[in-house]
Amino acid sequence: MKKLMNDPAHYVDEALDGLTLAHPSLMRDGSAGRVIRRAEATRKGKVGIVSGGGSGHLPLFCGYVGQGLLDTCSIGNVFEGPNVDSCMEAIRLADGGQGILRLYGNYGGDRMNFDIAGEMLEDEGIRCTTVLGTDDIASGGPDEIERRRGVAGLIYAYKCAGAAAEAGAHLEEVTRLAAKAVAMTRTIGVGLAACRLPSAARPSFELGENEIEMGIGIHGEPGIWRDTLRPSDAVADEMVERLLADLPPSGAEVSVLVNGLGATPLEELFILFRRVHKKLAEAGLRVVMPLIGNYVTSMEMQGASVSLFHLDEELKRLLLAPAECPFWRVG
Amino acid sequence: MKKLMNDPAHYVDEALDGLTLAHPSLMRDGSAGRVIRRAEATRKGKVGIVSGGGSGHLPLFCGYVGQGLLDTCSIGNVFEGPNVDSCMEAIRLADGGQGILRLYGNYGGDRMNFDIAGEMLEDEGIRCTTVLGTDDIASGGPDEIERRRGVAGLIYAYKCAGAAAEAGAHLEEVTRLAAKAVAMTRTIGVGLAACRLPSAARPSFELGENEIEMGIGIHGEPGIWRDTLRPSDAVADEMVERLLADLPPSGAEVSVLVNGLGATPLEELFILFRRVHKKLAEAGLRVVMPLIGNYVTSMEMQGASVSLFHLDEELKRLLLAPAECPFWRVG
Amino acid sequence: MELTVEQIAEGVRRANHAMVDLEQALNAADAKLGDGDTGSMLVRVIGGMAAAAPKTATSVSEAFGKLARAGMSATGSSLGTLFAGAMLLLAKQTKDRSVDWADLSALVGAARDGMMARGGAKLGDKTVLDMMDALAAALEGKTDAAQAGKAGVDAAERTLEAYRDRPCKMGRAKFFSEKSVGLDDPGMLAFAGLVRALATAK
Amino acid sequence: MELTVEQIAEGVRRANHAMVDLEQALNAADAKLGDGDTGSMLVRVIGGMAAAAPKTATSVSEAFGKLARAGMSATGSSLGTLFAGAMLLLAKQTKDRSVDWADLSALVGAARDGMMARGGAKLGDKTVLDMMDALAAALEGKTDAAQAGKAGVDAAERTLEAYRDRPCKMGRAKFFSEKSVGLDDPGMLAFAGLVRALATAK
Ligand SMILES: Nc1ncnc2c1ncn2[C@@H]1O[C@H](COP(=O)(O)OP(=O)(O)O)[C@@H](O)[C@H]1O
Ligand SMILES: Nc1ncnc2c1ncn2[C@@H]1O[C@H](COP(=O)(O)OP(=O)(O)O)[C@@H](O)[C@H]1O
Ligand SMILES: [Mg+2]
Ligand SMILES: [Mg+2]
Ligand SMILES: [Mg+2]
Ligand SMILES: [Mg+2]
């Protein structure tokens, strides 16, 4: 597995240089350039939304900095949490005087670094709350949601928190809505082939010609269980069944994210979505604003994830509110 | 190499079902459902822009149907030209009484089918012109441009022709501008790994761990010459040099499309763009509206192409004019 | 001897049957320098032709017309389009008349010329046209299926052989003229395989 | 015997040197059930520590402080953050005092407790913590580098062995408790490799 890169040690910084060159709405900031923030100044009086995470997932995380989404994002090396400095800087740069929501995925490294950053900033009097993405149903039972990993569904929480903050909601309200969005989101992934870290000699795992991994994460880690390659429809059916079993619908509307992990042709994502849509319709669910594409990747991993976001009026309004970043525009 | 699909015979139709379900601005039409058209009715009094081509390249071709871009698109099987019926239907459905520009890539099958369609429509009195994408510099010398394949740069011609038609230009003018856009666009591709057709037993070619293909097309065909894997910067330098040698800049502005062929992480496209941008700056060229992402793919092929679109005032205005389709929004 | 609708239908049946074995080999031959779809495309084209029930036609011309329409709707690839276009031409050429095996050489020649006009290739470019040209020559003076079959198979083998070490000048592989030396052209290979199938009962 | 700044700096040098051989093995161990970056991450962390010139520190505490800051800025991964956090804790614990090799056991124990508080893992979860716990015990009563080195290496080997067939309960691999049986934890493996390097002049 080859990579089109220079020195692996510069992979992240070179990618960020290209990203900000291509998208002037994004700027590198922070002592090591490991914060992406909106190019325009922080808006005073607005709750700041900060995320962070490792690299290798573009457009996640930092690609979602923009109007109605994130204010800043701290950036780690490939598949490593962002360091303490970048977390501190991301928080400071998002500070508009109304407090900060830290909204990121449930991973040990990320948590420790955001926690330490928070402790170090205590003196500065920036109020911070935390909501963790925990949408991956494969990584823990329904009774241990706090154990679950955050994967593609995190962007629904971005969208809702961002919309609320943009509309002037205060920190407690933004936090409540982000937590509600996470609580209403479920994701499951399937992997067909692994990816390779820039500094690693080999792909992160090997799969036989007829094997797939179910319950895959977004870091090249293997799936929770291995299965045989089946028709896309059968895979879709299993995914939707598991998702609906984990969080039975309470309303009649869901948004669906059929997300490519990096190397899955759009054609195949649409084939998958077609069946997901059918299964949801059979379950009496109406699909609102389906998202099909590479929203959260794992470099060149082959596979896809399906996320369901169960909507009520409040969440639907936030989901449909205008937003704009280089990789996602709503309204 | 695995594919997340059902019966290969249904690959294209299932993907189109998913595409139109996800994007209600697009509709399947034609006797076999192999035309994508804008959901709203054809606008009378506007020149129609019709494209067509094989499947396996999404967002190309049919993903670019939309405001300020294409009106209709005929759709072939994976890597096969669209058949005569779909070409005829696409032309009829785009007819707003002001004539049709047929704008597609320079491939034998596509040409024959659009030609036959044109002959069969002669009685119906729809005026048709043709402009062929021929941007791939690897597939012919500068003295035999009519031999060259059309690859990713075709979207620049879509954009310019679409903007002109939207603004009310007549057929001759739209045709002139499309031809001018093609004449000002140059592309070169690099491949790191091949793709697999849904119905094929094997990937279309094999590359050693240290080999790359330069001058790659978008159909899984091998590159024109084989090279050893080098740092991304060296690849970028070679690409830009070749592109500028083929069409020396006459103005000071270019648009750049750094296009992923399917399985190249966005990170790596940005790393490539960073260097391309630097080389262009060194050549005294200012980059306008850079496009970085998967705009024209070859299923899960790993690699990228770089396109340069040399701008003058007229072309720049058309490039920056508002446009909107599910995969590209300008303005 | 007269060329009958039944013989055409039987030919399609044999060709369709032969594609099962030919598919991946033709894909692989096309993948060498092209896009690797020749075999799967022909499976669809010939499958469509078989499904079009040429047997039910009331004339040779109508049978060819059915095949042409089925082929046209099954693909837009170079080879498939040329192939279906040739059938359309045969339908026109045989309109309102009976056809004899002795006419076949001239008909294949006419198809060849039509394909040349449509696709812009020349004889010697190492395409399916060169195969048709050889076939037209070989069929000259053959008056029944058995003679035509034997002559056709011989000509196909000979032509593959003769062209193998020449450079390709048309189709996707034209960008690799030099590399194409030593490789069979997938269109020629397909045609040879089909001629062999037509000549052999199964 | 006193623990000196020079000894710390020499330890960093040895560890940095050892990473050349350890990198891909640790990546591979982490790739089994995690994200495959343990080795490359540590190369960066320890490389950063070496570049921070601990030798130039005027006290043991300052040396640990330099290492902590270098580690913190090099990564945000679980292991790296815990590792750097431990250094910070050591810097605090050794502030304004001289340190003896005999104190090391207690210091490693304090680092272990700090990491436990930070990362939320428990002893027995099959993480680097279990390695540190074993090391703290083994260092008890050891009064110089030679004794400490030997005891440390023995303890590391023993602990790897003891945990190999137990299930992992923390870190990315916790989702694969059962599969982790029979596999070394990458954090423990890293720690063992580094202890070995520290104990061996090169
Ligand atoms: N313009 C042409 N004229 C004659 N034969 C052609 C032409 N283009 C292609 N062919 C034949 O078609 C074969 C390839 O068929 P196919 O795989 O269907 O084409 P593609 O995938 O390029 O559309 C070639 O091997 C050649 O024999
Ligand atoms: N919460 C934790 N407490 C203690 N040790 C941990 C914890 N999480 C991970 N580890 C250790 O870190 C190792 C993995 O390190 P690393 O690859 O840097 O983690 P990641 O890539 O998951 O951020 C594990 O093998 C384990 O020993
Ligand atoms: Mg990691
Ligand atoms: Mg083809
Ligand atoms: Mg082909
Ligand atoms: Mg790891």
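All chains are named by letter (A, B, ...) in the order of the sequence lines, taking the proteins before the strands, and each is independently numbered beginning at 1. Basis for what follows: all heavy atoms, side chains included, without hydrogens, waters or symmetry-related copies. Worth saying up front: this structure is predicted, and the values here are computed from it rather than measured.
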Does any heavy atom of chain A fall under 4.5 Å from the side chain of [X], the backbone, both, or neither of them?
X: B:Leu229; result: side chain
X: B:Lys3; result: both
X: B:Tyr11; result: both
X: B:His57; result: backbone
X: B:Pro59; result: both
X: B:Asn294; result: side chain
X: B:Glu267; result: both
X: B:Leu192; result: both

| request: Might you point out which heavy atoms bring A:Ala263 and B:Ala263 nearest each other, and give the distance in Å? | output: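 Shortest heavy-atom contact: CB-CB, 3.4 Å.
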
| query | Which answer fits A:Leu21, side chain, backbone, both or neither, if we ask what part of it has an atom under 4.5 Å from a heavy atom of chain B? | reply |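 Both backbone and side chain.
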
| Side chain, backbone, both or neither: which part of A:Ile292 has a heavy atom under 4.5 Å from chain B? |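 For A:Ile292, side-chain heavy atoms alone lie under 4.5 Å from chain B.
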
| Any donor-acceptor pair under 3.5 Å linking the side chain of A:Asp233 with the backbone of B:Asn6? |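 Flag not set: sc A:Asp233 to bb B:Asn6 has no pair under 3.5 Å.
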
| request: Considering only heavy atoms, give the residues of residues 205-214 of chain B separated from chain A by less than 4.5 Å, sorted numerically, with 'none' for an empty result. | output: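 Only B:Leu207, B:Gly208, B:Glu209, B:Glu211 of residues 205-214 of chain B have a heavy atom under 4.5 Å from chain A.
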
| task | Count the heavy atoms belonging to other residues, nucleotides or ligands that lie under 6.0 Å from CZ of B:Arg226, then report whether that count exceeds 12. | result |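 Yes - once you tally the heavy atoms of other residues, nucleotides and ligands closer than 6.0 Å, there are more than 12.
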
| task | Mark yes when over 12 heavy atoms from residues, nucleotides or ligands other than A:Arg202 sit less than 6.0 Å from its CZ; otherwise mark no. | result |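 It does not: A:Arg202 CZ has 12 such atoms or fewer within range.
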
| said: Counting heavy-atom pairs closer than 4.5 Å to chain A, which one of B:Arg329, B:Glu300, B:Met299 comes out on top? | reply: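 Most heavy-atom pairs under 4.5 Å with chain A: B:Arg329.
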
| Among A:Ala193, A:Pro198, A:Gly56, A:Gly262, which has the most heavy-atom pairs under 4.5 Å with chain B? |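 Counting heavy-atom pairs under 4.5 Å, the top option is A:Gly56.
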
| 4.5 Å side-chain heavy-atom contact, B:Thr297 and A:Leu266 |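 Contact flag for B:Thr297/A:Leu266 side chains = no.
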
Could you measure the distance from the [atom1] atom of [X] to the [atom2] atom of [Y]? Nearest 0.5 Å is fine.
X: B:Leu19; Y: A:Ile271; atom1: CG; atom2: CD1; result: 11.5 Å
X: B:Arg230; Y: A:Leu4; atom1: CZ; atom2: CG; result: 10.0 Å
X: B:His10; Y: A:Arg274; atom1: NE2; atom2: CZ; result: 10.0 Å

| query | Which of these passes side-chain contact (heavy atoms from CB on, under 4.5 Å) with B:Phe270: A:Asp17, A:Leu58, A:Leu16? | reply |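 Going through the options one by one, the only one that passes is A:Leu58.
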
